[in-house]
Amino acid sequence: MNMWLIAGFFLLLGLLPCAFVILSAPVLDRLIALQMAGLVSTFALMVFSQGFGQPSFFDLSLATALLSIPGCLVFCHFLESWL
Amino acid sequence: MSWQEALAGIFLWAGIFVVLLSCVGVMLGRDPYARLHFLGPATILGSIALALAVVVKEGLAQPGRKAILIAVVLLVSGPILTHAIARVIYSHTRGGSFSHHPHTPEERKQ
C-alpha cells in the first residue's frame, strides 16, 4: 500500500457523484457526467499504474483519454440531430 | 520521504482534490451550463497536477513521458469537447439546431 494507491481509491470515489447524475438527471446533464466519469477513469488509471509500478499500464490511460474524444463527439452528434 | 516524493504527493493530492470538487460540482449544478463549467478545472488543473506528480516522481523516463502525453491530449481535447457539449445544450434549450438538415418528419415534408 502506498500513497498512489490510496489516492487512486479516493479518486474512484469521484465516480459516485457522476453515477448519481447519470441515473437521475436529464439527458444533457448525463452527457456532462459521462465526460467527467471518463476523466476520472483516465486519472485513476494513471495513478494506479504508478501505484502498482507498472509503466505499461499508462497505455490504458492514454487509450482512455484518446477514445473519450470520439465517444463524446458521437453523443453530441446524436443529441443534436434527430434520430 | 525524499523531497521528490513529498512534492509528488503535493501535486497528486492537489489534483485529486480538484477532480473530486469538480465531480461534486457536476452533481450539485442547477442546469447543464452550470454543470459544464466543472469540466474545466478537472481537465486543466487535474491533468497538469497529476502529470506533474508522475514527472516529479519518475523524471522524464517512460512513465513521465506518457503522463505528459496524456495531459497534452486532455488539454487539447478538453476545450473542444466542452464547446461541442455547450453547442448541444444551446441547440436543445433554444428549441432549434445549428444544422440545416431536416430533422423531424414534419420538417422533411416542408
Side-chain angles (χ1 to χ4, degrees), chain A residues 2-4 6-8 10-11 13-21 24-40 42-47 49-50 53-59 61-66 68-73 75-83, chain B residues 1 5 8-9 12-13 15-17 19-29 31-32 35-36 38-39 42-43 46-47 50-51 53-54 57-58 61-63 65-67 69-71 73-74 76-78 80-82 84-85 87-89 91-93 97-99 101-105 107:
Chain A
N2 56 35
M3 168 182 71
W4 296 87
I6 298 171
F10 281 101
L11 195 56
L13 294 179
L15 289 176
L16 293 176
C18 299
F20 176 77
V21 175
S24 62
V27 64
L28 297 174
D29 304 77
R30 289 182 203 175
L31 178 59
I32 298 168
L34 181 66
Q35 187 63 20
M36 180 63 82
L39 269 178
V40 170
T42 302
F43 293 147
L45 285 169
M46 277 177 65
V47 171
S49 62
Q50 182 65 29
Q54 298 285 342
S56 58
F57 289 171
F58 274 94
D59 297 338
S61 180
L62 180 61
T64 306
L66 287 170
S68 69
I69 301 170
C72 180
L73 291 177
F75 276 112
C76 289
H77 173 77
F78 282 114
L79 284 174
E80 191 173 347
S81 304
W82 179 78
L83 278 178
Chain B
M1 180 182 285
E5 289 180 353
L12 173 67
W13 288 107
I16 287 175
F17 180 70
V19 172
L20 287 179
L21 277 186
S22 299
C23 291
V24 172
V26 167
M27 184 178 69
L28 297 178
D31 58 4
R35 287 186 161 133
L36 189 60
F38 290 101
L39 282 179
T43 304
S47 63
L50 291 176
V54 175
K57 180 74 167 59
E58 299 288 338
Q62 183 186 16
R65 291 198 302 265
K66 286 185 180 175
L69 183 58
I70 292 167
V73 167
L74 291 175
V76 170
S77 67
I80 296 171
L81 296 179
T82 303
I85 296 173
R87 176 189 161 106
V88 172
I89 298 170
S91 68
H92 270 248
T93 53
S97 171
F98 294 103
S99 171
H101 295 289
H103 299 295
T104 63
E107 288 179 7

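Order of the sequence lines sets the chain letters (A, B, ...), proteins ahead of strands, with each chain counted from 1.
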Structural part of [X] lying under 4.5 Å from a heavy atom of chain A:
X: B:A61; result: neither
X: B:L20; result: side chain
X: B:I89; result: both

Proximity breakdown for [X] and chain B, heavy-atom pairs closer than 4.5 Å:
X: A:L15; answer: neither
X: A:A25; answer: side chain
X: A:L39; answer: side chain
X: A:Q35; answer: both
X: A:T42; answer: side chain
X: A:F43; answer: both
X: A:C18; answer: side chain

Could you tell me which non-hydrogen atom of [X] sits nearest to which non-hydrogen atom of [Y], and how far apart they are?
X: A:S56; Y: B:K66; value: CA-NZ, 4.4 Å
X: A:M3; Y: B:E5; value: CE-O, 4.2 Å
X: B:P63; Y: A:F58; value: CB-CE1, 3.6 Å
X: B:Q62; Y: A:P55; value: OE1-CB, 3.9 Å
X: A:E80; Y: B:S91; value: CG-OG, 3.7 Å
X: B:P32; Y: A:I32; value: O-CD1, 3.2 Å

What option among [options] has the most heavy-atom pairs under 4.5 Å with chain A?
options: B:V24, B:I80, B:T43; result: B:T43
options: B:A42, B:C23, B:G46; result: B:C23
options: B:A51, B:A8, B:S47, B:G78; result: B:S47
options: B:L39, B:V73, B:V26, B:L69; result: B:L39

* Taking every heavy-atom pair that is under 4.5 Å apart, which of A:V27, A:V21, A:D29 has the most such pairs with chain B? -> A:D29
Distance (rounded to the nearest 0.5 Å) between [X] [atom1] and [Y] [atom2]:
X: B:R87; Y: A:L79; atom1: CZ; atom2: CG; value: 13.0 Å
X: A:I69; Y: B:L74; atom1: CD1; atom2: CG; value: 8.0 Å
X: A:L11; Y: B:L50; atom1: CG; atom2: CG; value: 7.0 Å

* **With A:N2 via side-chain contact (heavy atoms from CB on, under 4.5 Å) - residues at least two apart** => A:W4, A:L5
* By side-chain contact (heavy atoms from CB on, under 4.5 Å) - contacts of A:A7 (at least two apart) -> A:V47, B:L12, B:W13, B:I16
* To do: List the steps and the verdict of side chain to side chain contact (heavy atoms under 4.5 Å, CB included) for B:S22 and A:M36.
  => CA-CA 8 Å; B:S22 299; A:M36 180 63 82; 3.6 Å; yes
